[in-house]
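Note that the structure is predicted; figures quoted are calculated from it, not measured. One-based numbering along the sequence shown.
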Amino acid sequence: MNPLRSVGARLGLGLAVVVAFALLLVDLIVVPSLENNLIKSKLGQLREEVPTVAQQVVASSTFTLVDTLQAAASSSNARVVWFNVLTAAPLTLTVYADSNSISTADVQNDRIALAAYRDGAPASGTVSWHGQRYAESAVPVAEGVVLLRASLHDSLRSIALVRRRLVIAGLIALAASLLVGYLAAALFARRIRRLERAADRIAGGDFGEPVTDAGRDELGDLAATFERMRQRLARLEHARREFIANASHELRTPLFSLGGFLELMSEEDLDANTRIEFLATMREQIERLTKLATELLDLSRLDAGRMHVEREPVDLVEVAETLAAEFRAVARAGEHILEVEGSETATALADEERALQIGRILVENALVHTPAGTAVRLRTARRDDSVLLTVEDEGPGIPVEQAEQVFDRFYRVEGSVASGSGLGLAIARELAELMGGAIELSGMPGRTIFALVLPAAAADFAVSRENRSLKEPSLQ
């Protein structure tokens with residue numbers, strides 16, 4: 001693997017580039033700015049002092065001129081030069097007096113002094129001589145110019161020293177940034193590799209090992225998201241396997257039964273009554289297969305989001321009466337009492353066919369899982385912004401710990417009558433949720449109540465709100 005492709009190397013190089021860029025900015029902006037500020041400060045000092053020095057020099061006598069120059073140079077910390085005009089055309093200045101008695105060659109025809117005399121006004125600036133820079137300020141006087149010159153060597157040397165130290169500090173910072181960046185990125189890269197391995201495991205179908213990360217940063221949040229994804233995929237995988245196993249079992253049982261009856265019916269010594277009985281049983285198995293295929297098709301449509309429901313006013317009282325009419329013969333055969341209670345108008349905003357489908361599932365479950373001679377009641381009611389269709393039976397009831405599991409696919413309550421595929425309640429709940437409603441389960445030993453809760457239609461909701469307002473006590 002190319003080392004430059006690693007996160008550590010890239011982060012280290014990134015930090016190094018940032019540090020190098022910062023140093024470059026310091027060298028191009030900060031150091032020149034510091035240098036200019038020092039020069040401006042020195043020139044400002046000379047401009048303030050040169051008028052006073054000029055007055056002292058001009059006022060001194062010939063005998064005290066040297067002492068005056070030396071005193072002025074000492075107080076201003078600068079060289080003092082007094083020029084006289086040698087020729088007017090071209091303008092040429094000559095040194096009349098100089099606090100530096102060694103040599104005056106470096107100030108002959110000084111441009112700052114020439115500018116001050118030519119303009120008749122103070123002038124200042126910097127000049128160079130043999131590689132050294134000087135700050136100068138000059139004022140014109142009678143028949144000449146007085147100039148103050150101060151060397152910038154020490155100041156510029158300090159700036160050069162600062163620049164060298166910045167370079168050294170920058171190199172150290174570059175090395176430190178490379179090291180720290182690489183080490184820090186290596187720690188992050190290790191955590192990222194753990195997440196990568198976890199993602200590979202999950203992609204490969206291994207959901208057994210949890211995804212953990214102790215960090216409280218973005219990687220920690222990502223690991224927590226991976227863990228939630230792993231748990232959800234594990235549940236989905238478990239549900240998928242159970243679904244396949246249960247569906248295979250539900251399909252295999254009636255198929256084996258049909259195969260056995262067909263084999264028995266192929267025998268020639270069967271009497272007519274036995275053959276009729278076998279045909280009736282085979283018809284029941286075919287109906288069972290047809291119902292299971294329909295339920296599986298409904299589930300596949302629900303899972304794919306292709307189940308379409310209408311949203312129109314549906315009178316749940318009429319739905320309850322229709323269900324009672326459909327199951328009256330079945331209830332009589334099982335010695336059950338099927339009753340419809342509550343004539344109050346309950347109009348839901350739902351799909352009538354799907355509401356009937358849910359009602360059939362609930363009524364059929366009640367008739368199958370309750371003892372003979374018990375009653376099954378269908379009721380309609382209003383509740384706030386919803387309307388309810390309830391199916392109540394007097395069966396053995398559903399244990400509290402299994403109340404939520406009864407809505408799982410292929411689930412059957414322990415100890416109940418083995419009837420159906422265990423898909424009915426799962427389909428009922430998903431259809432209710434698709435219509436904006438829900439299936440509620442409540443009860444106690446000896447009684448079970450399933451309620452289809454649907455949003456009330458606008459007109460029914462207005463009636464319900466008006467009835468509630470009439471029942472409320474007056475505030476007057």
Side-chain angles (χ1 to χ4, degrees), residues 2-50 52-53 70-81 98-107 110-113 115 122-138 147-190 217:
N2 187 353
L4 292 179
R5 295 182 61 186
S6 68
V7 176
R10 290 182 178 182
L11 182 57
L13 288 175
L15 289 175
V17 169
V18 170
V19 172
F21 183 70
L23 288 174
L24 182 62
L25 289 180
V26 169
D27 189 67
L28 294 178
I29 299 176
V30 177
V31 172
S33 176
L34 177 61
E35 181 178 322
N36 290 334
N37 288 336
L38 288 174
I39 294 174
K40 288 180 180 179
S41 176
K42 192 64 176 177
L43 288 174
Q45 176 191 349
L46 295 178
R47 279 194 296 266
E48 291 179 0
E49 295 180 355
V50 69
T52 304
V53 171
Q70 294 297 331
S74 177
S75 63
S76 61
N77 194 24
R79 181 179 175 182
V80 182
V81 183
D98 188 354
S99 61
N100 181 9
S101 58
I102 299 176
S103 174
T104 60
D106 55 334
V107 294
D110 184 88
R111 66 179 184 85
I112 302 298
S124 60
T126 60
V127 297
S128 299
W129 177 261
H130 290 176
Q132 292 193 20
R133 293 185 68 187
Y134 298 90
E136 294 183 347
S137 182
L147 173 74
L148 291 184
R149 166 184 279 199
S151 175
L152 297 174
H153 176 71
D154 292 340
S155 299
L156 296 179
R157 185 173 60 181
S158 299
I159 293 175
L161 179 62
V162 169
R163 177 174 288 173
R164 285 196 300 271
R165 291 182 177 178
L166 280 175
V167 171
I168 295 173
L171 293 176
I172 296 174
L174 283 173
S177 64
L178 285 171
L179 179 61
V180 172
Y182 186 84
L183 293 178
L187 295 177
F188 277 99
R190 189 179 305 158
D217 52 8

*asked:* Between Ser99 and Val80 (side chain of the first, backbone of the second, donor and acceptor by atom type, cut-off under 3.5 Å), is there such a pair?
replied: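 Confirmed, Ser99 side chain pairs with Val80 backbone.
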*Pairing residues for Arg111 by the salt bridge (charged side-chain N to carboxylate O under 4.0 Å, His left out) criterion, not counting sequence neighbours*: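 Salt bridge (charged side-chain N to carboxylate O under 4.0 Å, His left out) check on Arg111 returns nothing, list empty.
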Show me the side-chain donor-acceptor pairs of residues 126-134 shorter than 3.5 Å, one per line, residues at least two apart or across chains.
from	atom 1	to	atom 2	distance (Å)
Thr126	OG1	Arg133	NH2	3.2
Arg133	NH1	Glu35	OE2	3.4

*Ile168: side chain to side chain contact (heavy atoms under 4.5 Å, CB included) partners, not counting sequence neighbours*: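 Listed in chain order: Ile172.
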*Ala135: side chain to side chain contact (heavy atoms under 4.5 Å, CB included) partners, not counting sequence neighbours*: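 Lys42, Leu43, Leu46, Leu152.
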_Rounded distance (nearest 0.5 Å) linking atom OG of Ser124 with atom CD1 of Ile39_ =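 So the OG of Ser124 and the CD1 of Ile39 are separated by 12.0 Å.
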*How long is the span from the CG atom in Leu34 to the CG atom in Leu38, to the nearest 0.5 Å?*
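Between atom CG of Leu34 and atom CG of Leu38 there are 5.0 Å.
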*Which residue pairs pass the side chain to side chain donor-acceptor pair (under 3.5 Å) test with at least one member in residues 70-79, sequence neighbours excluded?*
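As it turns out, the side chain to side chain donor-acceptor pair (under 3.5 Å) pairs with a partner in residues 70-79, which skip direct neighbours, are Arg79-Asp98, Arg79-Asp106.
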*Between Leu147 and Ile112, what is the shortest heavy-atom contact and its length?*
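The answer is CD1-CG2, 4.3 Å.
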*Tell me the salt bridge (charged side-chain N to carboxylate O under 4.0 Å, His left out) pairs involving residues 151-160, sequence neighbours left out?*
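Of all non-adjacent pairs touching residues 151-160, those that pass salt bridge (charged side-chain N to carboxylate O under 4.0 Å, His left out) are Asp154-Arg157.
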*Does any non-hydrogen side-chain atom of Glu136 lie less than 4.5 Å from one of Leu148?*
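No, their side chains stay 4.5 Å or more apart.
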